[in-house]
Amino acid sequence: GDLTIGFSQIGSESGWRAAETTVSKAEAKKRNITFKIADAQQKQENQIKAIRSFIAQGVDAIFLAPVVATGWDAVLKEAKEANIPVVLLDRDIDPSGKDLYLTAVTSDSVHEGKVAGEWLASQVGAKACNVVELQGTVGASVATNRKKGFEDGIAGHSNIKIVRSQTGDFTRAKGKEVMESFIKAEGGGKNICAVYAHNDDMMVGAIQAMKEAGLKPGKDILTVSIDSVPDIFKAMAAGEANATVELTPNMAGPAFDAVIAYKSKGTVPPKWIQTESKLYTQADDPMKIYESKKDLGY
Amino acid sequence: MAAPHADQPSAAAGSARPASGAPLLELTGFSKSFGPFTALDAVSLTLRAGEIHALLGENGAGKSTLIKTMTGVVQRDAGVMRLEGVPVMPRSAGEATAAGLATVYQEVNLAPNLTVAQNLFLGRQPTFLGIVREREMRRRARAVLADFDLDIDVSAPLESYSVAIRHIVAIARAVDQSARVLILDEPTASLDAHEVEVLFAVMRKLAARGIGIIFVTHFLDQVYAICDRITVLRNGRLAGTGTIAEMPRMTLVRTMLGRELAEATAERHERADLSAAPELVRLEGFGKAGYVAPFDLTLRRGAVVGLAGLLGSGRTETARLVFGAERADSGSATLDGRPVALTGPREALTLGFGYCPEERKTEGIVADLTVRENIVLALQARRGVLKPLSRAEQDEIAKRFIRLLDIRPPDPERPIGLLSGGNQQKALLARWLATQPRLLILDEPTRGIDVGAHAEIIALIRTLCAEGMALLVVSSELEEIVTYADEVIVLRDRAHVASLTGAAITVPAILAAIAEDGEATANAA
Amino acid sequence: MTVKLPRIGTAQILALAAILAINGFVSPQFFDIRLQDGRLFGSLIDVLNRGAPVAILSLGMVLVIAMRGIDLSVGAVMAICGAIAASLADDHSLVVTLAAALGAGLACGLWNGFLVAVLGIQPIVATLILMVAGRGIAQLITEGRIVTFTDPGLAFLGGGSVLGVPTPVVIALAMLALTLIVVRGTALGLMIEATGGNPRASALAGIGTRLITLAVYMWSGLCAAIAGVVAAADILGADANNAGLWLELDAILAVVIGGTSLFGGRFSVVLAVVGALIIQAMNTGILLSGFPPEMNLVVKAVVVLVVLLAQSPRLASLGLIFSRRRS
Amino acid sequence: MTPASSSVSRLVPVAATTVVFLLGFLICALTFPNFASLRVVMNLLTDNAFLGIVAVGMTFVIISGGIDLSVGSVIGFSTIFLALAIERWGIPPFAAFALLLVICALFGAAMGAAIEFFALPPFIVTLAGMFLARGTAFLLSTDSIPITADLYGHLSDHAIRLSGGARLTVPAMAMLAVVAAGMVLLHLTRFGANVYALGGSRQSAGLMGISVGRTTVLIYTLSSVLAGLSGIVFSLYTSSGYSLSGVGVELDAIAAVVIGGTLLSGGYGFVFGTFVGVLIQGLIQTYINFDGTLSSWWAKIATGLLLFGFIGFQQFTLHMARRPRRRATTGSAAANAAGAAS
Ligand SMILES: Nc1ncnc2c1ncn2[C@@H]1O[C@H](COP(=O)(O)OP(=O)(O)OP(=O)(O)O)[C@@H](O)[C@H]1O
Ligand SMILES: Nc1ncnc2c1ncn2[C@@H]1O[C@H](COP(=O)(O)OP(=O)(O)OP(=O)(O)O)[C@@H](O)[C@H]1O
Ligand SMILES: [Mg+2]
Ligand SMILES: [Mg+2]
């Protein structure tokens, strides 16, 4: 139909985010939907502004990728008053706002961390293992959740210990810099058994740091990270990375379908449409996945 | 600038005022060093109520420093100050004012971005429930300025007025603070004869009320016109003190300099035969709308053209147009007969022009840089970025001019901002002399310069002239202009109204040309 | 050309030494240096290597600040030039790649200089425009993704070494030497200091302040371009979203720690670089210390304040009074 | 420049900014349907309320010749502090507000004191303040915490409803009040005059007997208190606290102040200009949101271009505004001459 949907996107802080935007646009085109994207540059206030201007423009539905879990009640109430359904993408919001949106298409970032942790636990068995952690941006909910999930995943394995944890701001450069100092602080890397990074970009940087220090990532040091961006599959194919947990960039597809069904037939979708958090390892033909992902706009 | 001193009331005028014997303010043992340099060495001074007390000395003698240590702007190393017998030690300008010492510092210290009225009453504006009563403040401001014969828009920002007006506002502010002691550091440096008269009238009125006034000036005429007693500093030490009767002119000069003054100043030099002097620059119909009305001007090698007029008459403007600091929008210019475009200071510099601006602090010195760097700046600009003067060359140039102009202290590596006002002026002169200009434009070159240096600068102007340089000099001191100018152009209301040459150049003639009313000029033209 | 380090730079050098000593204390192997694949390896080398981009930025920033300006766009310019270099590297020769990247940096500088010197826009807003738009331009070039390359020539600029010294450090040193020659070997330094100290007086003294302003912003753009290329070469890819993010603040901080006033005038190129090293030594120390990352900013704030207080003339004179009293 | 016209000329930058804003609004209204509505105007006020409040404080700081980079972080600190205080520590909202403002005042005073007594550059002191405030916010909590206190619900419902779904909200009212109070304080009180004097020349201000130290401390205190107030408004706006809120607001505030015609070197400027500057920034964003076709990067480029457009046009207006005045003086001079001749 001739729907107009406004999307308040967080920003373009990472390759994954860029892919999400690209994929969303492609999905909208497939369905002949007029799709308006407002980039908030990582700021909640900008997202609120964007939602308000969508309301003022009278769009048919609003997609929101919330930068933070809280603080949406007032503006979502306004949307509700204007009878505009809101769909959350990629991240959930605080439970108090449950009745203010139609549905949420998200992955569970605690679960992602847990998948990563459980994979590591299965790999090391009973061996003692010192893990260094590259955290995302301090205060970002994804970072907090992925940290928590990982800790859950290795809970009960007292042989696995997180010995160092610093923020790499989700970026390659910082991931590399932080890893460099971890290596030095941990006896030239000899004491490190695995690296856990909250996203693949930091891991790609960390892999470089390990190589420059004369270590063999993927062999001397196990790696596990989250997102599944193309470059990590390249590293996996080269045997330099071990595992990644996928966060699909196609959140908008299911969301569009839900909105179309709701608008045309009045079907109320379930409150949570969870996307899969799939684990990939070197055994999964990484080069093939790389090929399939590399043009998605990562 | 000072009207001929024959017109001034005699020295007796000062002593005729009742000056009670009891000291109002007593300074003893004031000392201050800046690092190894001793700026003040155990200076004492006694000021009586109702007395106007001249504080004199060469540039850099320590006058301004003494004043700043009195008011706590600069922390003194030693010294006691008693106000009516009670020791006072203000630690900031604010405290000094509160204690009863109102001061006008040498470099006018006001907020140029605020209105005239705000400047007059800053910190003590009339308020109602915390809100400044703007209208009342303006009314009072107008009243205060009326005492100084100044009728200006007090709601305009101070910076839209000339240096002179700013100075008057600063003085008015100090006077209006109903202090017991009023300190004026070179207040007359940028005033014209009329304004000086007005200021003196106010000073006399205040003195009659029993206020003690400390007055710093380099104009000896003014000292004898208004002061009762004199204190002289030399190299930071007390060199002498006494009543004006005890210190006649020659004694005073000797005390200040520590030697005899070469009596070059008073004589007139032979005026050049203008028609014989080769022409250097000719401007025709030169002007800028709303700035200066179009004028013709010919500058000749070896000749001095003086610009005279009241404040705001357009002298500075003329000088800036000639240098290209402001672009003319009409007229043509030729140099050595060839047409040239005066489009900016850089072009002027390459043509061999030099320009010493009037506003030393904002347009002249670069305070953080050393004396050496300030002196070589224009020369370096002319040579271009890629041909740096070597350090040895810079040192040589700096040393030469420090010696030639007797810049004190003779330390080329001192930041120029730390020099006394007069010495800064000399360094600026050096900046342009170093470029060996063909035309030198000087705007108030002797402002704030002591008697000794004054004579030296005038002698220098003559030497430069004799060496074939063309000079265009703006000066408020008519007597001075008369001694060196070969042609005097009189300005009024931003237009050139008269030109005097040869024997016609006399102070009364210039005054007459300045004073002529519009109708007379219109008829003359 | 004399470099007057002692006296003027004591505070900065002492601060650097103190931070390094603290680093040695929290991380005993801090001063260990060994050769790894023909490249020096150790935390101290990390400080130099990681500090190189900010040091290079500060070489441009110090001149801009000395002219009473400020350049907020350097981070974005880094991103642009890194993006250009990374996208060209694999299909073009290194010369072409570098020429394009550095040319873009110069063009950015020219734009800033044009806004400031010709249009008369205040530097902070003038460069804010490019700070905002520049990152967008960089993302436009990379389309928001991380563009990777494999060209060994470009990679060498980030990960290689010359006689064991990491290339970024060599580049930073070369740029330092070049800046010193350009600034102190010609009259440019004097003219910049004069213009920054009193623009009106300098213009009246015949200095071409407009041209110098343009040149200085272009120099800053060039330095940012080099820093951007080094940063891209370091991670073998251009991350337009994050490259140089907030580094303008670090560069300004480095310049100010180096004793140059934000109100223009006197400047010191060498001390600006020392300032950059102080910042990086602090960052590396934080990473080595094992503090939780929530503490990073608080530690940074305290260190910055202490370093500045150590330089404060007021504190120095207080110290003088105390020492006099004691004696 | 004659004195009489120069008192008017000080208003020219503000007038230029206002004209630019109105023109911009007109263009938007012609471009997009639904734009020229009361709702959009009210949104502009509500959405930029927190920015407007800090920008007023920033105006004082910049006019005095300083700068305050810490305000964004102070907002972040404020929201998380309020959330914790109200939700976890059980402090009643108004008491929490008061406590927060006291903390902010002390923080600002400390920065002002460091600037004054150790003669440190404001840029760096407030940069350290920026790190410190944000760092403290992280230490308080890195989670985002919803605030459920009744007051918050009341306040966000308590809006004046206007026609067409437009609402004059509490944040918007708070900003308008702060702008008005800021205008009075800056333009009509002794303190305001002192702020200008400091911006004209610190040294002169000292010699004129102004207590430079006290004024500096007060200015930074004011800025931090307004940043705290802005934090309160922000927490009302989002009904939550989050340590990362307000990132980069300092740059937006500085840009708003400067676009509003205030000179960064100090001494000149108006609170009203800042207000218009804030609206201009809001307008740029609204424009981009309404357009909605711009990718992340094109949005950034467009923001930059629009910023350039506004500033360039402002510069042009200033230039044009100065020219006719010169002619006017010439004209009057000619008139005088004519009068004299007759
Ligand atoms: N802050 C300072 N640091 C170092 N030296 C200083 C400082 N202030 C003044 N001086 C020096 O102290 C001496 C006295 O200066 P002062 O300004 O008192 O002279 P002055 O008598 O007022 O001269 P002028 O008639 O030229 O104004 C000068 O040599 C000057 O260079
Ligand atoms: N009496 C006055 N009333 C009002 N404005 C004045 C007065 N005198 C000067 N001005 C203003 O001061 C400004 C600066 O004058 P300026 O100093 O350039 O003139 P000038 O002829 O060079 O005088 P001088 O060199 O003696 O100061 C002028 O724009 C003029 O408008
Ligand atoms: Mg003096
Ligand atoms: Mg003049």
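Computed from a predicted model, the values in this text were never measured in an experiment. Quick note: numbers below take in every heavy atom, side chains included, and nothing from hydrogens, waters or symmetry partners. Letters A, B, ... are given to chains in the order of the sequence lines, protein chains preceding strands, and every chain is numbered from 1.
- For a residue to count as touching a neighbouring chain, one of its non-hydrogen atoms must lie under 4.5 Å from one of that chain's; by this rule A203(C) touches chain B with the backbone only.
- Listed here is the closest heavy atom pair of A381(B) and A205(C): CB-O, 3.6 Å.
- Of all the heavy atoms in G206(C) and L349(B), the pair that sits closest is CA-CD2, 3.9 Å.
- No more than 12 heavy atoms of other residues, nucleotides or ligands shown are found within 6.0 angstrom of CZ on F263(C).
- L211(C) contributes atom CG, which lies 7.0 Å from atom CZ of R346(B) (distance to the nearest 0.5 angstrom).
- Within the 4.5 angstrom heavy-atom criterion, only backbone atoms of I365(B) (N, CA, C, O) approach chain C.
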Exercise for the section: Under the side chain to side chain contact (heavy atoms under 4.5 Å, CB included) rule, what do L369(B) and R266(C) come out as? Steps first, then yes or no, please. Expected result: CA-CA 8 Å; L369(B) 298 193; R266(C) 288 273 183 228; 3.6 Å; yes
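- M191(C) and Q380(B) get closest at one heavy-atom pair: CE-O, 3.6 Å.
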Problem - Step-by-step side chain to side chain contact (heavy atoms under 4.5 Å, CB included) determination, V376(B) to L190(C) - result: CA-CA 10 Å; V376(B) 302; L190(C) 175 64; 4.1 Å; yes
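- Proximity to chain C is absent for every atom of R382(B), based on heavy atoms less than 4.5 angstrom apart.
- Nearest heavy atoms, P388(B) versus A187(C): CB-N, 3.7 Å.
- Taking CD1 of I207(C) as the start and CG of L377(B) as the end, the distance is 4.0 Å to the nearest 0.5 Å.
- Ranking G344(B), G324(B), P345(B) against chain C, the residue ahead of the rest is P345(B), based on heavy-atom pairs under 4.5 Å.
- Each of S261(C), G208(C), G196(C), G197(C) has some count of heavy-atom pairs under 4.5 Å with chain B, and the biggest count is that of G208(C).
- When all heavy atoms of N198(C) and E363(B) are compared, the closest pair comes out as ND2-N, 4.3 Å.
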